[in-house]
There are 2 protein chains.
Amino acid sequence: MTYSEENYLKAIYHLSLTQKQGVSTNAIAGMVESKASSVTDMIKKLAEKELVIYQKYQGVMLTDKGLLAAKMIVRKHRLWEVFLVEKLDFAWDEVHDVAEELEHIKSEKLINKLDAFLGFPTEDPHGDPIPDRNGNIVKVEKQLLSEFEVGQTGICVGVKDSSSSFLQYLDKQQIALGSKIKIIAKESFDMSLTIEVEKKHMIISNKIASNLFAKIVS
Amino acid sequence: MTYSEENYLKAIYHLSLTQKQGVSTNAIAGMVESKASSVTDMIKKLAEKELVIYQKYQGVMLTDKGLLAAKMIVRKHRLWEVFLVEKLDFAWDEVHDVAEELEHIKSEKLINKLDAFLGFPTEDPHGDPIPDRNGNIVKVEKQLLSEFEVGQTGICVGVKDSSSSFLQYLDKQQIALGSKIKIIAKESFDMSLTIEVEKKHMIISNKIASNLFAKIVS
DNA sequence: ATAAAAATTTAGGCAAAACTAAAAATATAT
DNA sequence: ATATATTTTTAGTTTTGCCTAAATTTTTAT
């Protein structure tokens, strides 16, 4: 599989997690930063290789083969991210672009040895699950902080948006994976939240709360 | 720089280490496994970018800029090889192809952090020197075992050929980097050597001896 | 010195992956 | 329901890196 084919597969995979029907040409184009016409070309190629099912104008869906291939790319991406953060001391907002390249290195032996070296992690530095060598994913109970009720407490376990600017905002506010967060109040006008983190109160917008995953603890 | 451009640069670099004049089109074609006409095309592109100096029919030479770029690729290749062997437990005959891919990952930060993680190694698993971040290479005193005199003793410090088959032969004979080797006799008919390694005597052909680097110790 | 051999370059093409512009299909809105 | 808007596909190009075949230059051998 080429570098480009892998990127398309990955894009289709990520999009299909939220769209239960076929993934649209335009959505893919947005994700891989190309034009719809280029996507149509590539989709045909992927369909020939039986990685996706494609019907003109109806969007695409991954086949079992395509799904597994996509998961293996995601596995590589996330394992490399763990390596960069845990072993090379990268910050969590710096790893995405490098992992984007590393994920295309073709060696099963490499990735399985890396997995072992890292101690078979199940989540990447942003709290996203790492598929195992068979494509199995451990689902963790979690919900968006914006869905918490006032009075509830959670442990931050992931981010929905892993853009550098969002992650740096969290660093600045000293919110990290593992932080205990209590919902003190919710403003009904804009859905902003007053939360308590490390004994300090702060206000976060609904947009922030909608991009933070937490696990309820009480 | 593209993947392909990097491979050509690296090939020219390796060839220019043994050829003090311009590197020939055919030699490059052999190294990158392409045809002479393809090499001519690529050379023109590299010349436009001022990475090589090129005169029709006269071969190519690296410019300072090209030399530094080539050394950085070699640096990456060899650091990744160290990583694979030291950290991921690959055998020294398994690392080349994977490193061949890893060397193209574009991130200075990555490679410098990897360098630090590995403890700033100066040699790769085959005894080849690793250029530092400025392109400086530590030269180690060494010579081919085939050039040793009878009675001399050396420590094996590198291999000239790092093909899997040669490395596996050495493994089988229990010759590794660091092995102490004494020349017991040299057969004048075929230049084969009787050597002593770890108290055991064995005979190695001239071809083997011509691909093993050692440092004289007495 | 010159003919033959080898190496190199040029010319013309191909495949992958992208693009623009135009055509076709589908979705939306009044 | 039908006109309009949006989405998707098709058709035709471009660029990169490779190829083959032919032409040219350099090297080698007599």
Side-chain angles (χ1 to χ4, degrees), chain A residues 1-13 15-16 18-62 66 69-70 73 100-101 103-104 106, chain B residues 1-16 18-62 66 69-70 73 100-101 103-106:
Chain A
M1 224 182 330
T2 67
Y3 195 100
S4 197
E5 284 171 352
E6 291 190 341
N7 280 336
Y8 275 92
L9 263 195
K10 190 178 49 150
I12 295 165
Y13 171 73
L15 290 165
S16 65
T18 45
Q19 303 241 134
K20 272 300 159 228
Q21 6 250 39
V23 175
S24 82
T25 302
N26 256 359
I28 298 168
M31 183 98 33
V32 302
E33 293 180 294
S34 67
K35 296 300 164 72
S37 55
S38 308
V39 174
T40 304
D41 286 348
M42 181 58 83
I43 279 172
K44 287 179 182 168
K45 205 191 309 178
L46 295 176
E48 290 237 329
K49 295 193 176 186
E50 300 189 301
L51 294 163
V52 300
I53 291 166
Y54 168 59
Q55 289 191 104
K56 272 192 196 178
Y57 296 100
Q58 306 306 296
V60 285
M61 279 172 37
L62 292 171
I73 300 163
E100 205 73 2
E101 287 190 60
E103 74 190 6
H104 298 290
K106 285 166 203 355
Chain B
M1 226 184 325
T2 67
Y3 195 100
S4 197
E5 285 170 352
E6 290 190 341
N7 281 336
Y8 275 90
L9 263 195
K10 192 180 47 151
I12 296 165
Y13 171 73
H14 285 308
L15 290 166
S16 64
T18 45
Q19 302 243 131
K20 271 302 161 228
Q21 5 250 40
V23 175
S24 82
T25 302
N26 256 0
I28 299 167
M31 183 98 35
V32 302
E33 293 180 295
S34 67
K35 296 300 163 72
S37 56
S38 308
V39 174
T40 304
D41 285 348
M42 181 56 85
I43 279 172
K44 286 178 181 169
K45 205 191 308 180
L46 295 176
E48 289 237 330
K49 295 192 175 185
E50 299 189 302
L51 293 163
V52 300
I53 291 166
Y54 169 58
Q55 289 190 103
K56 271 192 197 178
Y57 296 101
Q58 305 306 297
V60 285
M61 281 172 36
L62 293 170
I73 299 163
E100 205 74 1
E101 286 191 60
E103 74 190 6
H104 298 289
I105 303 293
K106 286 165 200 359

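What you are looking at is a predicted structure, and each value in this text was computed from that prediction instead of being measured. Below, chains carry the letters A, B, ... as their sequence lines are ordered, and counting in each starts from 1.
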For this session: Could I get the full list of side-chain hydrogen bond (donor to acceptor under 3.5 Å, both in side chains) partners for Glu50(A), not counting sequence neighbours?
Result: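 Checked Glu50(A) against side-chain hydrogen bond (donor to acceptor under 3.5 Å, both in side chains); zero matches.
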
Exercise. Is any side-chain nitrogen or oxygen of Thr2(A) closer than 4.0 Å to OP1 or OP2 of dA16(C)?
Worked result: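 Answer no for this pair, as no side-chain N or O of Thr2(A) is under 4.0 Å from OP1 or OP2.
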
Problem set entry | Contact under 4.0 Å: Lys35(B) side-chain N or O vs dC18(D) OP1/OP2 |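 The answer is no; no side-chain N or O of Lys35(B) sits under 4.0 Å from OP1 or OP2.
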
Exercise. What residue pairs, at least two apart or across chains, pass side-chain hydrogen bond (donor to acceptor under 3.5 Å, both in side chains) with a residue in residues 19-36 of chain B?
Worked result: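 Passing the test, one end in residues 19-36 of chain B: Tyr8(B)-Ser34(B).
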
Could you state the atom-to-atom distance from [atom1] of [X] to [atom2] of [N] in whole Å?
X        : N       : atom1 : atom2 : value
Gln21(B) : dT27(D) : CD    : C1'   : 14 Å
Asn7(B)  : dC18(D) : CG    : C1'   : 14 Å
Glu5(A)  : dA16(C) : CD    : P     : 9 Å
Met42(A) : dA15(C) : CE    : C1'   : 13 Å
Tyr3(B)  : dA16(C) : OH    : C1'   : 16 Å
Glu6(B)  : dT16(D) : CD    : C1'   : 15 Å

For this session: Step through the shown structure and confirm whether more than 12 heavy atoms of other residues, nucleotides or ligands are within 6.0 Å of CE on Met31(B).
Result: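 Correct, the count exceeds 12.
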
Exercise. Within the structure shown, what part of the strands sits under 4.0 Å from Tyr8(A) by heavy-atom distance: base, sugar-phosphate, or nothing?
Worked result: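 Sugar-phosphate: the residue Tyr8(A), judged by heavy atoms under 4.0 Å, touches backbone atoms but no base.
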
Problem set entry | Stepwise side chain to side chain contact (heavy atoms under 4.5 Å, CB included) check, His104(B) with Glu101(B) | CA-CA 6 Å; His104(B) 298 289; Glu101(B) 286 191 60; 5.7 Å; no

For this session: Report the C-alpha distance between Met1(A) and Leu51(A) in whole Å, list the side-chain angles of each, state the deciding distance to 0.1 Å, and finish with yes or no for side chain to side chain contact (heavy atoms under 4.5 Å, CB included).
Result: CA-CA 11 Å; Met1(A) 224 182 330; Leu51(A) 294 163; 4.1 Å; yes

Seminar exercise, completed: Quick tally for nucleotides 6-13 of chain C: nucleotides whose base has a protein heavy atom under 4.0 Å get B, sugar-phosphate-only ones S, the rest -, giving -SBBB---

Exercise. Just by modelled atom types, is the Gly22(A) backbone N or O under 3.5 Å from a matching donor or acceptor in the Gln58(A) side chain?
Worked result: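 Absent.
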
